[in-house]
Colleague: 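This is the structure I want to talk about, given as structure tokens.
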Amino acid sequence: MDGGVYFGRLSRVVEALRRFAGKTVEFDPIRRLVNWGRLYSLWPVHVTTSCCSVALGAGMGARFDYERFGVLPFGSLRQNDLIIIEGTLTYKFAKRIRRIYDQMPEPKYVIAIGACALSGGIFRDAYSIVKDVSKVVPVDVFVPGCPPRPEALGRAVMLLQEKIRRSKVSGEPIETPIVVR
Amino acid sequence: MEAGRLDQVVEKEIYVSVGPQHSGAGHFRMVLKLDGDIIVDVIPDPGFVHRSVEKIAENMLYVQIVPLVEKVTHVDASNLAMGYVRAVEELSGIQVPERAKYLRTIACELSRITSHLYFFGIFGIFLNHSTMFMWSFGDRDLFLDLTQLLTGTRIAHSYILAGGVRHDMPQDFPDKAMKVLDYFERKLEDYYKIFMLNPVMIERTRGVGVLSREDAIRLGATGPVLRASGVRYDTRKDDPYAAYDKIDFEIPVYKEGDSYARVMVRFREMQESVKIIRQALRDMPEGPVRPKRMVPRWPVKKGEHYARVEAARGELGYYIISDGKAKPYRLKMSSPSFRNLLILKHLLRGETLADMPAIYMSLDYWAPEADR
């Protein structure tokens with residue numbers, strides 16, 4: 001805090017208040033309220049890394065309609081909290097993805113879809129791709145498939161919501177990590 | 001220059017980077033050199049989805065390459081596979097049963113319709129026309145259901161293989177297809193009223209990004225972009241494959257060469273595709289659809305061959321060099337999207353920044369196909 005240089009005592013009080021507030025928000029009613037707010041406003045970044053964007057496009061369409069879960073692609077990075085990595089990530093794109101991820105405000109989540117994002121898929125022998133997306137950005141949910149069906153992507157969003165429901169306001173998980181059933 | 005001297009301020013050109021994180025630019029980046037609102041120059045920066053398909057193909061069996069080339073344009077999978085399989089078949093003289101040819105035609109045309117519907121949805125989003133996005137993506141799912149019924153999967157179906165197709169169509173496929181086609185033909189009239197006659201759509205695309213006939217030929221345009229500039233050229237007519245030589249259909253050609261004409265060509269192509277599927281279902285002969293034993297190692301002869309097909313985005317060519325072994329020596333793809341990228345540079349010069357989406361999107365640029 002800048003004020004700390006001039007108002008030493010006051011800053012200590014403010015710090016104590018912040019610590020108190022930090023602990024208070026983790027109590028159940030407040031934590032649930034904050035998490036509830038986060039659950040249904042997962043706005044993904046408008047970035048398409050590869051061809052699995054077809055599955056995402058179908059999911060945004062009339063039949064599957066992820067807007068039911070509050071997933072609405074949005075242009076501005078400052079208001080996004082979700083990156084959906086669709087398929088192969090090339091080295092050229094990996095730099096941009098990391099930059100996009102760093103620009104997003106906390107808390108932020110990543111869903112990686114497609115076999116290519118998990119292990120390279122059919123392009124595993126290629127010289128220009130990142131075989132494991134989690135080396136670039138921390139991934140919350142992986143969806144296998146080449147390409148995955150839109151239903152699978154909808155399920156990934158639901159799993160992510162489950163994860164948010166079971167995490168602290170600060171973003172740490174409070175219970176055992178969920179297992180994909 | 002000192003600060004505050006207005007008479008010394010020189011209006012300079014500025015550079016604006018568009019993409020890859022941009023609502024709609026997709027996996028593509030271009031740097032626009034702007035003078036005020038006018039685009040002076042364009043520096044395209046492709047290669048975000050370069051996955052070295054041609055190099056991987058050299059280490060794969062011929063049959064394994066079919067799903068590989070389909071990944072290049074996921075929305076248009078059957079046409080991509082058709083071109084590759086055509087090259088292999090013509091190189092080694094593999095005969096295809098008559099019924100398989102018709103099934104291939106149906107798969108290719110279903111693929112073309114889904115691809116064009118995808119284009120209409122994205123183009124609608126670009127022009128802030130959400131209705132078009134919802135309608136076309138909703139109707140696209142009907143065609144994906146048909147594709148699933150025919151081939152087994154929604155998008156990446158390795159249906160077309162050398163020597164025929166993977167399996168015959170299910171018995172209830174013609175009835176269901178006819179139902180969807182009847183519905184879709186009625187729906188296309190609504191598309192025309194809601195989207196093509198929309199004042200906003202007409203204002204933003206008519207007379208924007210005009211590509212003359214001479215320029216289209218000189219720059220090597222292909223597919224709907226070429227046909228919107230008044231050139232009657234379609235591989236399905238000029239170099240027929242599958243069962244296209246036995247089917248009666250028209251090639252929509254428009255003379256205007258603007259964005260509106262390019263969208264209109266795709267709209268008319270969907271109508272023609274419906275006609276083609278109808279005829280193929282009606283005229284399809286009985287018989288086998290593939291050789292009795294499908295071997296994983298295709299008998300490809302030594303030599304080299306170039307074959308082309310009409311994919312949804314234009315003429316797609318494959319050049320295969322085979323040394324008679326199980327894997328190709330070299331596989332070269334000539335993709336329509338990359339050819340149309342050259343035109344983007346020509347079209348955007350002199351247009352305003354606000355017209356950029358309408359021009360860029362009307363080329364139906366599919367980055368993974370261009371980068372490969």
Side-chain angles (χ1 to χ4, degrees), chain A residues 44-65 67 72-77 80 83 86-97 99-101 103-104 114-116 120-130 145-152, chain B residues 19-29 45-60 64-65 67-77 114-115 117-118 121-122 125 131 133-142 144-145 148 153-156 366-369 371:
Chain A
V45 187
H46 230 310
V47 61
T48 46
T49 61
S50 203
C51 48
C52 281
S53 55
V54 178
L56 183 70
M60 291 299 163
R63 184 183 286 182
F64 299 101
D65 195 14
E67 231 176 297
L72 176 72
F74 200 74
S76 167
L77 288 176
N80 290 129
I83 300 186
E86 298 109 341
T88 329
L89 192 65
T90 55
Y91 288 130
K92 188 172 181 178
F93 219 128
K95 292 174 202 159
R96 312 298 164 101
I97 284 286
R99 206 161 148 187
I100 289 165
Y101 184 80
Q103 285 182 54
M104 280 159 55
C116 300
I122 197 167
F123 298 104
R124 64 194 172 280
D125 295 334
Y127 52 73
S128 55
I129 69 158
V130 180
C146 188
R149 287 184 66 91
E151 293 96 324
Chain B
Q21 191 274 314
H22 172 254
S23 48
H27 355 23
F28 178 60
R29 174 170 173 258
D45 181 14
F48 280 99
V49 207
H50 173 63
R51 297 181 288 189
S52 57
V53 169
E54 291 170 9
K55 191 68 195 168
I56 301 173
E58 290 170 16
N59 292 317
M60 279 179 152
Q64 288 175 318
I65 298 173
L68 181 72
V69 294
E70 281 185 346
K71 297 292 173 293
V72 170
T73 314
H74 243 160
V75 278
D76 193 18
T114 52
S115 176
L117 281 174
Y118 195 91
I122 303 291
I125 281 284
T131 312
F133 173 76
M134 282 297 170
W135 279 18
S136 60
F137 270 65
D139 290 341
R140 184 171 167 268
D141 268 313
L142 294 176
L144 290 180
D145 284 350
Q148 194 179 349
T153 45
R154 274 165 60 90
I155 296 169
W366 189 256
E369 188 181 83
D371 299 342

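Proteins come first, then strands; the chains are lettered A, B, ... in the order of their sequence lines, and each starts at number 1.
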Colleague: Please look at A:Ser53 and chain B and tell me whether the side chain, the backbone, both or neither of the residue comes under 4.5 angstrom of a heavy atom of that chain.
Modeller: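 A:Ser53 touches chain B through backbone and side-chain heavy atoms alike.
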Colleague: Between A:Tyr91 and chain B, with a heavy-atom cut-off of 4.5 Å, which part of the residue counts as in contact: side chain, backbone, both or neither?
Modeller: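 Neither part, no heavy atoms under 4.5 Å.
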Colleague: Sequence neighbours left out, what passes salt bridge (Lys or Arg N to Asp or Glu O under 4.0 Å) with A:Arg149? Give chain and number order.
Modeller: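 Partners of A:Arg149 under the salt bridge (Lys or Arg N to Asp or Glu O under 4.0 Å) test: A:Glu151.
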Colleague: So how far is it from B:His74 NE2 to A:Cys52 SG, rounded to the nearest 0.5 Å?
Modeller: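 Going from the NE2 atom of B:His74 to the SG atom of A:Cys52 covers 6.5 Å.
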Colleague: For A:Ile129, is it the side chain, the backbone, both or neither that has a heavy atom under 4.5 Å from a heavy atom of chain B?
Modeller: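 Contact with chain B is through the side chain of A:Ile129 alone.
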Colleague: Quick check on B:Arg51 against chain A: is it the side chain, the backbone, both or neither that has a heavy atom closer than 4.5 Å?
Modeller: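 Backbone plus side chain of B:Arg51, per the 4.5 Å heavy-atom cut-off to chain A.
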Colleague: Please tell me whether A:Tyr127 and B:His50 form a close aromatic pair, meaning their ring centres lie under 6.0 Å apart.
Modeller: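 Yes, the ring of A:Tyr127 comes within the 6.0 Å limit of the ring of B:His50, centre to centre.
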Colleague: Measure across B:Lys71 and A:Phe123 and return the closest heavy-atom pair with its distance rounded to 0.1 Å.
Modeller: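 Closest approach of B:Lys71 to A:Phe123, heavy atoms only: CB-CZ, 3.7 Å.
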Colleague: B:Leu144 vs A:Arg63, test: side chain to side chain contact (heavy atoms under 4.5 Å, CB included). Steps then yes/no.
Modeller: CA-CA 12 Å; B:Leu144 290 180; A:Arg63 184 183 286 182; over 6 Å; no
Colleague: If the threshold is 4.0 Å, N to carboxylate O, is there a salt bridge linking A:Lys92 and B:Asp45?
Modeller: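 Judged by the 4.0 Å cut-off on N to carboxylate O distance, A:Lys92 and B:Asp45 do form a salt bridge.
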Colleague: Heavy-atom cut-off 4.5 Å, strictly under: side chain, backbone, both or neither for A:Leu77 against chain B?
Modeller: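 The side chain, not the backbone.
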Colleague: Please classify the contact between A:Ser50 and chain B as side chain, backbone, both or neither, with a heavy-atom cut-off of under 4.5 Å.
Modeller: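 Looking at A:Ser50, backbone and side chain both touch chain B.
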Colleague: Please classify the contact between B:Lys55 and chain A as side chain, backbone, both or neither, with a heavy-atom cut-off of under 4.5 Å.
Modeller: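 For B:Lys55, the side chain is the part near chain A, not the backbone.
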Colleague: If you round to the nearest 0.5 Å, how far is CG of A:Asp125 from OG of B:Ser52?
Modeller: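 Here the rounded value is 8.5 Å.
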Colleague: Among B:Thr153, B:Asp371, B:Asp145, B:Val75, who wins on heavy-atom pairs under 4.5 Å with chain A?
Modeller: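 Between B:Thr153, B:Asp371, B:Asp145, B:Val75, the count favours B:Asp145.
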Colleague: Quick check for you: to the nearest 0.5 Å, what is the distance between A:Asp65 atom CG and B:Met134 atom CE?
Modeller: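 One gets 5.5 Å once the value is rounded to the nearest 0.5 Å.
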Colleague: What distance do B:Glu70 atom CD and A:Cys146 atom SG have between them, rounded to the nearest 0.5 Å?
Modeller: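 If we round to the nearest 0.5 Å, B:Glu70:CD and A:Cys146:SG are 10.0 Å apart.
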Colleague: Please classify the contact of B:Ile56 with chain A as side chain, backbone, both or neither, using a heavy-atom distance under 4.5 Å.
Modeller: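 Just its side chain gets close to chain A.
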Colleague: Hey, are the side chains of B:Arg140 and A:Val54 touching, using non-hydrogen atoms and a 4.5 Å cut-off?
Modeller: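 The answer is yes, as the side chains (C-beta and beyond) meet within the 4.5 Å cut-off.
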Colleague: Check each atom of B:Trp366 against the heavy atoms of chain A and say whether the ones under 4.5 Å are side chain, backbone, both or neither.
Modeller: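 Contact with chain A is through the side chain of B:Trp366 alone.
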Colleague: Quick check on A:Cys116 against chain B: is it the side chain, the backbone, both or neither that has a heavy atom closer than 4.5 Å?
Modeller: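 Contact with chain B is absent: no heavy atom of A:Cys116 under 4.5 Å.
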Colleague: Given heavy-atom pairs under 4.5 angstrom as the criterion, report whether the side chain, backbone, both or neither of B:Leu117 touches chain A.
Modeller: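 Neither part, no heavy atoms under 4.5 Å.
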Colleague: Taking side chain as everything from C-beta outward and backbone as N, CA, C, O, which of these in B:Phe48 sits under 4.5 Å from a heavy atom of chain A? Side chain, backbone, both or neither.
Modeller: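 It is both, since atoms from each part get that close.
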Colleague: For A:Glu86, what residues pass the side chain to side chain donor-acceptor pair (under 3.5 Å) criterion, not counting sequence neighbours?
Modeller: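 Once residues adjacent in sequence are excluded, A:Glu86 has no partner under the side chain to side chain donor-acceptor pair (under 3.5 Å) criterion.
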